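Below is one structure; the comments refer to it alone.
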There are 2 protein chains.
Amino acid sequence: MQLKSQVEWALHCCAILSGLPAGRYLATKVLAEFHGVPKEYLSKALQGLSQAKIVESTLGPAGGYRLARGPDRISFLDIVEAVEGKSSTFVCSEIRKNNPCRPTGHCETKACSIARVMWQADQAWRNSLKGVLLSDLGKMLETDIPADLYRKSFEWVLARA
Amino acid sequence: MQLKSQVEWALHCCAILSGLPAGRYLATKVLAEFHGVPKEYLSKALQGLSQAKIVESTLGPAGGYRLARGPDRISFLDIVEAVEGKSSTFVCSEIRKNNPCRPTGHCETKACSIARVMWQADQAWRNSLKGVLLSDLGKMLETDIPADLYRKSFEWVLARA
DNA sequence: GACCCGGTACTCGGATATAATATGTCCGAGTCTGTACGG
DNA sequence: CCGTACAGACTCGGACATATTATATCCGAGTACCGGGTC
C-alpha cells in the first residue's frame, strides 16, 4: 500500500500557493516546471483539489489556481483526502459471513471486531493529518529552508503569478 | 490507497490460529474453506506471515500453520507489516530538488517538511495497530460473537486441525 | 510382537497468467487579455 | 481620447493510452504418515 505521488505533488503545490499574495493565480504549467513533474498529470491532482473546494481556478491568460480559503483553514487531511478519497484504507469484505457454521439468515449485531481495530488505526492516521495546517507548514518551511533559497524561490514564483 | 484484501484474510486467519490448542497445525485448505476465499491465493498471505516468523509451518499430511509465539506477543502491526511491508505509506521523491532556484550541488540539511508530517501520521497509524494484540482480539470476539456460533466454529476448526 | 523401510498422499513455496489501478498523454470547451476600430 | 467589439492565445477539464501493482491460479519440491515386510 502506498499513497500516490499526486498526494506529494498536491501538498507541495499548496505550500507554494499559500505563499501567494491575495488575488493572484498560478498556472499548472508554472507549478509543474517548479517541481519538475509532468504538467498534464499534475493537473489531475489540482483538479481533485479544485473539486474539493480547496483551491479555485480561473481560465484564460493569467489564469491558474489559488487557495479557496486561508492556509489556517486547510489541513493536510483536506489535501490528502481530496486526492486519495475519503474512504478508509481498510475495507471489510465481511468474510465472516462465509463461516460454514453460521446459521443462514443470521444477521450480525455489530461491525467485525477486526474491522473496528483497523478503522480505529485509520482514524488515528487521519487525526494526525488533521492536526497540521497549511499555515503550520509555512512556518516550518521558513525555518527549514535557507533564507536565500526561500527568497529566491518566492520571487521566482511571484514573477509568474 | 487501499490495503490489500490479504491483510484482512491474514488477520482473520491469525484469529483462528490463536484459538488453536498448542502443537496443532491448521492447513491453508481449511482456513480458505472457513473464510470462503481462494486457497491458492490465501497461501500467499500465509507465506508472508511465515517469512515474518509470525507463524510456522509443517509439511506433509496433518501439516499446516500455527502461531510461532503466544497471541499476547503478536500485534496487529506485526501482521499488517508482514503482508503489506514495513515501508511507509508515504514516499518522498524529493521533488524539492527540482526547484529551479536551487543552487547546483546544494545539499539538504534535513528531511522535507512535508515528508516529516506525513511520516508522523504514518507512525500514528502504526502505533495504533501496535497497541492491539491478538490476545485482545480474542477477548473481543468472545463477547461479540454469539456463544453458540463461537462454540460451533471452534469445534468445526478443531475437527480439522 | 517390535522395528525398519519404502510408497503415497498431502503439505507448503515459489513461478506463472489476468484484472484493476496508478501513471502519463492528448485534445477540446471556455474565457480573459490585448488590440483595433469607431464614436 | 474613451468605450466597445473582436480575434487570439492561454487556461482548465475531462477523455484516451501505457506501466505497475494486486488478484488469482498452477505446478513442483519436500516431508510426515501408513502399510507391509523383516528380524
Side-chain angles (χ1 to χ4, degrees), chain A residues 1-10 13 17 23-33 35-68 80 82-85 87 89-91 93 95 160-161, chain B residues 1-10 13 17 23-33 35-68 80 82-85 87 89-91 93 95 160-161:
Chain A
M1 183 191 54
Q2 205 171 89
L3 288 162
K4 15 181 142 172
S5 54
Q6 295 205 344
V7 172
E8 182 184 10
W9 301 355
C13 286
L17 290 177
R24 302 284 274 278
Y25 289 90
L26 201 57
T28 306
K29 182 183 170 185
V30 177
L31 286 166
E33 187 183 350
H35 293 118
V37 299
K39 167 174 81 77
E40 322 283 5
Y41 190 29
L42 173 63
S43 92
K44 289 201 72 173
L46 295 171
Q47 278 173 41
L49 294 176
S50 178
Q51 287 171 358
K53 303 284 175 57
I54 293 172
V55 302
E56 47 194 20
S57 63
T58 305
L59 265 55
Y65 293 96
R66 73 177 176 196
L67 293 186
V80 170
V83 177
E84 279 289 345
S87 58
T89 54
F90 180 84
V91 290
S93 53
I95 62 176
R160 289 162 179 80
Chain B
M1 181 192 53
Q2 205 171 88
L3 289 162
K4 14 181 142 171
S5 54
Q6 296 205 344
V7 172
E8 183 184 9
W9 301 356
C13 287
L17 291 177
R24 302 285 273 277
Y25 290 89
L26 200 57
T28 306
K29 183 183 170 185
V30 178
L31 287 166
E33 187 183 350
H35 292 119
V37 298
K39 168 174 79 79
E40 322 284 5
Y41 189 30
L42 174 63
S43 90
K44 287 202 74 174
L46 295 171
Q47 278 174 41
L49 294 176
S50 178
Q51 287 172 356
K53 302 283 173 60
I54 292 171
V55 302
E56 47 195 18
S57 63
T58 307
L59 266 55
Y65 293 97
R66 72 177 176 195
L67 294 186
V80 170
V83 177
E84 279 289 344
S87 58
T89 54
F90 180 85
V91 291
S93 54
I95 62 176
R160 289 163 177 80

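Letters A, B, ... are given to chains in the order of the sequence lines, protein chains preceding strands, and every chain is numbered from 1. The structure displayed is predicted, hence computed values, not measured ones.
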Rounded to whole angstroms, how far apart are NZ on B:Lys39 and C1' on C:dC12?
-> 10 Å

Can you check whether B:Tyr65 has a side-chain N or O nearer than 4.0 Å to OP1 or OP2 of C:dG13?
-> yes

To the side chain of B:Lys4, which of D:dA22, D:dG14, C:dG24 is closest?
-> D:dA22

Answer yes or no: is there a donor N or O on one side and an acceptor on the other, between the side chain of B:Gln6 and the main chain of B:Val83, under 3.5 Å?
-> no

At under 4.0 Å, does any side-chain N or O of A:Thr58 touch on OP1 or OP2 of D:dT11?
-> no

Could you tell me the separation between the SG atom of A:Cys13 and the CD1 atom of A:Ile54, rounded to the nearest 0.5 Å?
-> 12.5 Å

When the nearest nucleotide of DNA chain C is assigned to B:Gly60 and to A:Gln2 on a heavy-atom basis, which residue is associated with the more 5' position?
-> B:Gly60

side-chain contact (heavy atoms from CB on, under 4.5 Å) between A:Lys4 and B:Met1, intermediate numbers included = CA-CA 7 Å; A:Lys4 15 181 142 172; B:Met1 181 192 53; over 6 Å; no

List the steps and the verdict of side-chain contact (heavy atoms from CB on, under 4.5 Å) for A:Leu31 and A:Leu26.
-> CA-CA 7 Å; A:Leu31 286 166; A:Leu26 201 57; 3.7 Å; yes

Would you indicate, yes or no, if D:dG14 has its OP1 or OP2 atom less than 4.0 angstrom from a side-chain nitrogen or oxygen of A:Gln47?
-> yes

Nearest-0.5 Å distance that lies between atom CG in B:Leu49 and atom CG in B:Leu17 = 8.5 Å

Integer-rounded Å distance: C:dT23 P and B:Ile95 CD1 = 13 Å

B:Thr28 side-chain N/O to C:dC12 phosphate OP1/OP2 under 4.0 Å = yes

Nearest-Å distance for atom pair CD/P, residues B:Glu56 and C:dC12 = 13 Å

At under 4.0 Å, does any side-chain N or O of B:Tyr41 touch on OP1 or OP2 of D:dT25?
-> no

Sugar-phosphate only, base, or nothing, as touched by A:Gln51 at under 4.0 Å among non-hydrogen atoms = sugar-phosphate

d(CG, B:Leu46; C1', C:dT11) in whole Å | 12 Å

Using a heavy-atom cut-off of under 4.0 Å over every strand shown, decide if A:Ala27 touches base, sugar-phosphate, or nothing.
-> sugar-phosphate

Atom pair NZ (A:Lys44) and OG (A:Ser50), whose distance is rounded to the nearest 0.5 Å = 14.0 Å

So, is A:Ser50 close to the D:dG13 phosphate, meaning a side-chain N or O under 4.0 Å from OP1 or OP2?
-> yes

Atom CG of B:Leu42 and atom P of D:dA22 are separated, to the nearest Å, by 17 Å

Counting heavy atoms from C-beta on, name the nucleotide in C:dT31, C:dT25, C:dG13 closest to the side chain of A:Leu59.
-> C:dT31

Does A:Pro61 or A:Ser5 map to a spot on DNA chain C nearer the 5' end, using the closest nucleotide for each?
-> A:Ser5

Atom pair distance, as rounded to whole Å: CZ in A:Arg160 and P in D:dC10 | 16 Å

Between A:Gln6 (CD) and C:dG24 (C1'), how many Å, whole number?
-> 10 Å

Report the distance from atom CG of A:Leu49 to atom P of D:dG14, rounded to the nearest whole Å.
-> 13 Å

Distance check: side-chain N/O of A:Ser57 vs OP1/OP2 of D:dG13, anything under 4.0 Å?
-> yes

